[in-house]
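A, B, ... follow the sequence lines: proteins, then strands. Residue 1 opens every chain. We use all heavy atoms of the structure for the numbers below, so side chains are in, but hydrogens, waters and symmetry mates are not.
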Amino acid sequence: MLYPIGWDAFGLPTENYAVKTGRHPAEVTKENVATFRRQLKSVGVSYDFEREVDTTDPKYFRWTQWIWLQLFNRGLAYVEEKPVWWCPALGTVLANEEVIDGLSEVGKHPVERRPLRQWVLRITAYADRLLADLKGLDWPDSTKRMQEAWIGRSEGSEVEFDLADLPGERLKIFTTRVDTIFGVTYMVIAPEHALVPRLTTPAQKAAVDAYIKAAASKSDLERTELAKDKTGVFTGSYAINPANGQKIPVWIADYVLASYGTGAIMAVPAHDERDYAFAKKYDLPTPRVIAPLDPATPEPELPFCIYGRMVNSGKFDGLASAEGKTQLDAHFSAQGRGKGTVQFKLRDWLFSRQRYWGEPFPIVWVNEADYRTALATAKHLPVPEQAVTCVINGETRYALPLPESALPLQLPVVKSYQPTGTGESPLASMPEWLEIWYQPATGASVPASQPKPGDDWVRGRRETNTMPQWAGSCWYYLRYLDPKNDQALASKEAQAYWGVPDLYVGGAEHAVLHLLYARFWHKVLFDIGAVPTNEPFTKLFHQGIILGEDGEKMSKSRGNVANPDDIIKSYGTDTLRLYLMFLGPLEAMKPWNPRGIEGVHRFLQKIWRECVTEEGGVNPKISDTATDSPELEKLLHETIKKVGEDIENLRYNTSVSQMMIFVNALQKAPQVNRRTVLAFLQVLAPLAPHITEELWERLGQKASIMQAPWPQFDPAKLASDQVKIVFQINGKHRGDQLVPVGLTEAEAVKIAQESPKVAPHLAGKTIKRVIFVPGKILNIVVA
RNA sequence: GCCCGGAUGGCGGAAUUGGCAGACGCGCUGGACUCAAAAUCCAGUUUCCUUUAAAGAAGUGUGGGUUCGACCCCCACUCCGGGCACCA
């Protein structure tokens, strides 16, 4: 059994606190971890603190950086300009959650989308496997469905449209409904599309520029889903529909995203809701090219968005949609302007932050000549086949990785965590760390202000971006297996012995992002032979969270926090543990209710009194010779069974109820056998370890209760020869009676007819039908 | 807006997944013990009708449906929560 704990301690909240207080995030992290660790221990959680990990520990993030180098080496990391929230007033990049209604959360300043140089991970290369391998996982179906939708595999077609005003150029679009291509009345490209400048005519330039500026301030979410009101602007240019040769206008609209498909669509207003809304607004034609399959059906209202039969489509008329798609794909393929293809909604993963408190990238940016030299002198460097480049200050730079032997690359101590104002992280304000002479073979460096140390040294600039918090949390479950290993992220032996987590418990808020990112990393590690399995989390359970008394998430600013220290002080650890379990189902979000805690506290006190007298001796009702009543004995075995099953199924709340029922019966019993009490204490021990250990000892046991083998229930003791059967007339409850097990239907009907409660409802009626469920119910339908 | 959940007494929740709705606990009411209180114990506690009891009737967010029988399955809605790619 491996039951570990660790701290995912990089990230925004700590950094913001550091900015505010000027204290080093590492120092703050250390304090917070100490508090959490103390509280967890006081709750009596049996984590193995020997295996504790901390993602901000250089000994840990050395391996985070190592994994990242493997991704880099395999061509799964690249650099691109990506739009992020930029706040000119604060001079910093903001997270989505820090932007509220287009204003910064701090100071309420206006924000805009600005493209910045970012590291991106090619998770889309694994889209098919991430989708296909979901099938074998023992996860909640809802979570699997969410991941499926997120990956968003969609089969369709790519088609290239000639451009009337740019001879030789083509506009490539993606569509899932190529069968509607004869109904295209305009094209739409995303505001960020590369062809925008060349397609925009002088007459339209002012309008287009204004539109692009406005679109730049919206998030993708605002642009597509929330916006019922579609907006757009005409470029002034035209494309040619390759299906029928028609000249059609090219528009720019922000409901088309540059990040999905080709960033351009063919618009078929008659058969697409978004296109229809747009066409109505801008008065564009909506010709019908799909009719219902059944010709007898009256013409449906537009937009008609389901499959049907092609009409007004030249030689393709009459084909069903599916067949039409196949033929059109072949048709365009033969012309070299299209093909059937698959698109994913999943986008590559923006994997950098312009922040201080994260893992530094083990990358030095050098010029092309130095890059060639470095590769020649240091052949072991983990470089991709195709060099990763970017333009910094107008110069093309090459990404040169640190050798694995030089890891970890540590964060320099900075004077200020304040934003630089340029969009770069605070690391950019550390010239001694940033601008260096660098020896590629060893990873050694000296500040560039000093003389060049030798011939095999090159001039370099370190990467100022840091990794997002996901990085450390993507693989921590592997580090628990072998937390102190300095040769590998975990030894082969440890991995073979422990495998992957048997049960992964995590909140539903991680359903897509964390759980998808970690699966991606794990698959890459599998591909390079660093882990023996294809999937990290075979069985998954989402626990809920305890909300504040007001039903809102607990937060200091809201003042609705319940502190475990206070509860432990007044009621003790076992009461807190038991109450947390009794509060409701583990997976539910439930508010903290301090009043109910009295109930479980009384329950534990009652158990104490049943075992121990006021003077501290063993309660005289307990003896080795007492014979328990059959009822108490049966209840004990039912309790052992139910608690065992409930623990297996993570239904702790109902196991507490069952134990309460048992103790109520125990209390009423005049005599009780010691074995019965001991067995009960054992099933309670996992939830209330402290009090049960104490009572176990007071009842004369020498070894720890934790060492004793789990009690077994005897199925024979659970059997009953009597069972209650419910009588219904026309589905209405009219009485019940204890009857022998194995009663036949005829006998049951006879008993019902003789029952004083049931008989009146049968008087003068004809029995139409009898439904008999043995041992449960007899329903007589009368008329 | 899209994807995923949820809604049961005054409150937290239970119901073997289509077979007695409300287990268990909190709270409340009444009683016992006590000079008194605390603690503890006993009884009651979905709503309505009924003097009370017996006996009825209604009842699991709303409106329909399937079924001998629906908290559970289907359809349409309402409200609340999670996620929507830089909180993680």
Side-chain angles (χ1 to χ4, degrees), chain A residues 8 10-13 16 82 84-85 93-99 118 123 140-150 152 219-222 224-228 259 345-355 468-470 472-473 506-514 516-517 542 544-545 547 551-553 579 582-585 587-600 602-603 605-606 609 642 645 651 653-661 664 667 724-736 757 760 768-771 773 775-782:
Chain A
D8 185 17
F10 274 129
L12 199 54
N16 284 344
K82 290 270 191 186
V84 293
W85 287 117
V93 173
L94 296 177
N96 286 339
E97 69 154 15
E98 297 177 298
V99 178
Q118 306 287 351
I123 190 173
D141 280 338
S142 57
T143 308
K144 289 198 204 182
R145 280 200 297 274
M146 273 196 267
Q147 289 219 347
E148 265 171 41
W150 189 259
S219 70
D220 285 356
L221 193 61
E222 289 166 326
T224 53
E225 317 284 12
L226 293 176
K228 280 171 250 170
S259 54
K345 210 175 277 166
L346 182 68
R347 307 206 295 259
D348 277 342
W349 173 13
L350 199 162
F351 192 74
S352 50
R353 303 289 183 266
Q354 292 69 55
R355 292 283 177 176
Q469 194 173 358
W470 306 111
S473 62
E509 68 274 18
H510 294 300
V512 277
L513 298 182
H514 164 66
L516 198 64
Y517 293 156
H542 297 308
I545 57 171
L547 306 170
E552 303 284 338
K553 265 191 191 161
Y579 186 52
F582 187 58
L583 212 47
E587 65 273 23
M589 295 268 193
K590 44 207 178 262
W592 178 250
N593 175 359
R595 284 202 310 269
I597 201 163
E598 289 287 350
V600 289
R602 279 178 211 159
F603 167 65
Q605 288 179 315
K606 195 187 287 186
R609 286 196 307 270
K642 177 147 181 68
E645 288 169 356
R651 289 193 304 244
N653 54 330
T654 51
S655 72
V656 176
S657 295
Q658 179 67 30
M659 290 189 280
M660 285 172 166
I661 292 169
N664 288 343
Q667 189 182 24
K724 187 154 86 173
I725 187 163
V726 171
F727 300 122
Q728 292 186 342
I729 306 298
N730 290 348
K732 279 207 175 19
H733 178 232
R734 297 298 180 187
D736 50 58
K757 282 189 180 176
K768 304 280 268 193
R769 192 175 163 188
V770 174
I771 293 107
V773 183
K776 282 197 173 148
I777 201 159
L778 175 75
N779 187 12
I780 301 173
V781 183
V782 297

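Of all heavy-atom pairs spanning A:Gly599 and A:Met660, the tightest one is O-CE, 4.5 Å.
The side chain of A:Met589 approaches B:G81 more closely than any other nucleotide in the set B:C20, B:A14, B:G81. Listed nucleotides: B:A85, B:G82, B:G13. Nearest to the side chain of A:Met146: B:G82. Considering only the side chain of A:Ala95, B:C87 comes nearest among B:C24, B:C87, B:C4. Comparing B:G56, B:G5, B:G19 by their nearest atom to the side chain of A:Ile771 picks out B:G19. For A:Trp150, the side-chain atoms get nearest to B:A85 when compared with the rest of B:G5, B:A15, B:A85. Picking from B:A14, B:C41, B:A23 the nucleotide with the shortest atom distance to the side chain of A:Ile661 gives B:A23. In the set B:U40, B:G19, B:C87, the nucleotide with an atom closest to the side chain of A:Glu97 is B:C87. For A:Leu12, taking side-chain heavy atoms from C-beta onward, the closest of the listed nucleotides B:C20, B:G56, B:C87 is B:C87. Across B:U16, B:A85, B:A23, the shortest atom-to-atom separation from the side chain of A:Lys776 is found for B:U16. Here B:G83 is the nucleotide among B:G83, B:C24, B:A85 with the atom lying nearest to any side-chain atom of A:Glu509.
A:Leu346 comes within 4.0 angstrom of a nucleotide base, judged by non-hydrogen atoms across all strands. Using a 4.0 Å heavy-atom distance criterion, A:His542 is classed as making no nucleic acid contact. Residue contacts shown for A:Val770 are absent, as no nucleic acid heavy atom lies under 4.0 Å away. A:Arg651 comes within 4.0 angstrom of no nucleic acid atom, judged by non-hydrogen atoms across all strands. Using a 4.0 Å heavy-atom criterion, one finds that A:Pro585 contacts the sugar-phosphate atoms exclusively. No engagement by A:Gln147 is indicated, since no non-hydrogen atom pair under 4.0 Å with the nucleic acid exists. Nucleic acid contact class of A:Lys642 (heavy atoms, under 4.0 Å, all strands): none. Contact annotation for A:Val84: base contact, defined as any heavy-atom pair under 4.0 Å involving a base atom. Within 4.0 Å (heavy atoms only), A:Leu513 reaches at least one base atom of the nucleic acid. When heavy atoms are screened at a 4.0 angstrom cut-off, A:Ser259 is found touching no nucleic acid atom at all.
Here A:Glu509 does not pair with A:Lys553 in a salt bridge; the nearest charged N to carboxylate O distance is not below 4.0 Å.
You'll find a donor-acceptor pair under 3.5 Å spanning the side chain of A:Gln354 and the base of B:C86, going by distance alone. Residue-to-nucleotide contacts include no donor-acceptor pair under 3.5 Å from the side chain of A:Lys768 to the base of B:C68. Checked by distance alone, A:Asn96 brings no side-chain donor or acceptor within 3.5 Å of a matching partner on the base of B:C86.
The nucleotide B:G1 finds its pairing partner in B:C84, both defining distances of the Watson-Crick or G-U wobble pair being shorter than 3.5 Å. Pairing for B:G12 is with B:C24, a Watson-Crick or G-U wobble pair whose two hydrogen-bonding atom distances lie under 3.5 Å. Both distances falling under 3.5 Å, in either a Watson-Crick or a G-U wobble arrangement, place B:C48 opposite B:G56. In this entry B:U40 has B:A32 as its Watson-Crick or G-U wobble partner, both defining distances falling under 3.5 Å. In this structure, B:C79 and B:G6 make a Watson-Crick or G-U wobble pair, each of the two defining distances being under 3.5 angstrom.
At B:C24, none of the side-chain N or O atoms of A:Gln658 fall inside 4.0 Å of OP1 or OP2 (strictly under the cut-off). At B:G25, none of the side-chain N or O atoms of A:Asn593 fall inside 4.0 Å of OP1 or OP2 (strictly under the cut-off). Applying the 4.0 Å criterion to OP1 and OP2 of B:C26, one finds that A:Arg602 has a side-chain N or O inside that range. Using a 4.0 Å cut-off, no side-chain N or O of A:Arg145 falls inside it from OP1 or OP2 of B:C3. Between B:A85 and A:Arg347, no contact under 4.0 Å exists linking OP1 or OP2 to a side-chain N or O. The shortest distance between the side-chain N/O atoms of A:Asn664 and the OP1/OP2 oxygens of B:C24 is not below 4.0 Å. Contact check, A:Arg353 against B:C87: no side-chain N or O comes under 4.0 Å of OP1 or OP2.
With A:Lys642 contributing its side chain and A:Met659 its backbone, the two residues share no donor-acceptor pair below 3.5 Å. Put simply, the side chain of A:Gln147 gets close to the backbone of A:Ala511: a donor and an acceptor are under 3.5 Å apart. Without hydrogens or angle criteria, A:Asp348 side chain to A:Ile123 main chain gives a donor-acceptor distance under 3.5 Å.
Atom NZ of A:Lys82 has more than 12 heavy atoms from other residues, nucleotides or ligands within 6.0 Å.
Going from atom CG of A:Leu547 over to atom C1' of B:C80 covers 12 Å, rounded to whole Å. The interatomic distance linking A:Met660 (CE) with B:G13 (C1') rounds to 12 Å, in whole Å. Between A:Ile729 atom CD1 and B:C20 atom P the separation is 16 Å, expressed in whole Å.
In this structure, A:Tyr517 and A:Trp349 have parallel ring planes: the angle between them is below the 30° cut-off, well short of the 60° mark. Aromatic ring orientation, A:His514 versus A:Trp470: parallel (interplanar angle below 30°, classes split at 30° and 60°).
Each of A:Lys590 and A:Ala149 was matched to the nucleotide of RNA chain B holding its nearest heavy atom; the match closer to the 5' end belongs to A:Ala149. Comparing A:Asp736 and A:Asp141 against RNA chain B, the residue whose closest nucleotide sits nearer the 5' end is A:Asp141.
Remark: the separation of the P atoms in B:C79 and B:C42 is 47 Å, to the nearest Å. On the C1' atoms, B:C26 is 39 Å away from B:G65, given to the nearest whole Å. For the C1' atoms, the distance linking B:G69 with B:C20 amounts to 12 Å, nearest Å.
Contact annotation: the side chain of A:Asn653 never approaches that of A:Leu583 to less than 4.5 Å [non-hydrogen atoms, C-beta and beyond].
Anti is the classification of B:U16, since its glycosidic angle lies more than 90° from 0. For B:G27, the glycosidic angle deviates from 0 by more than 90°, giving an anti base.
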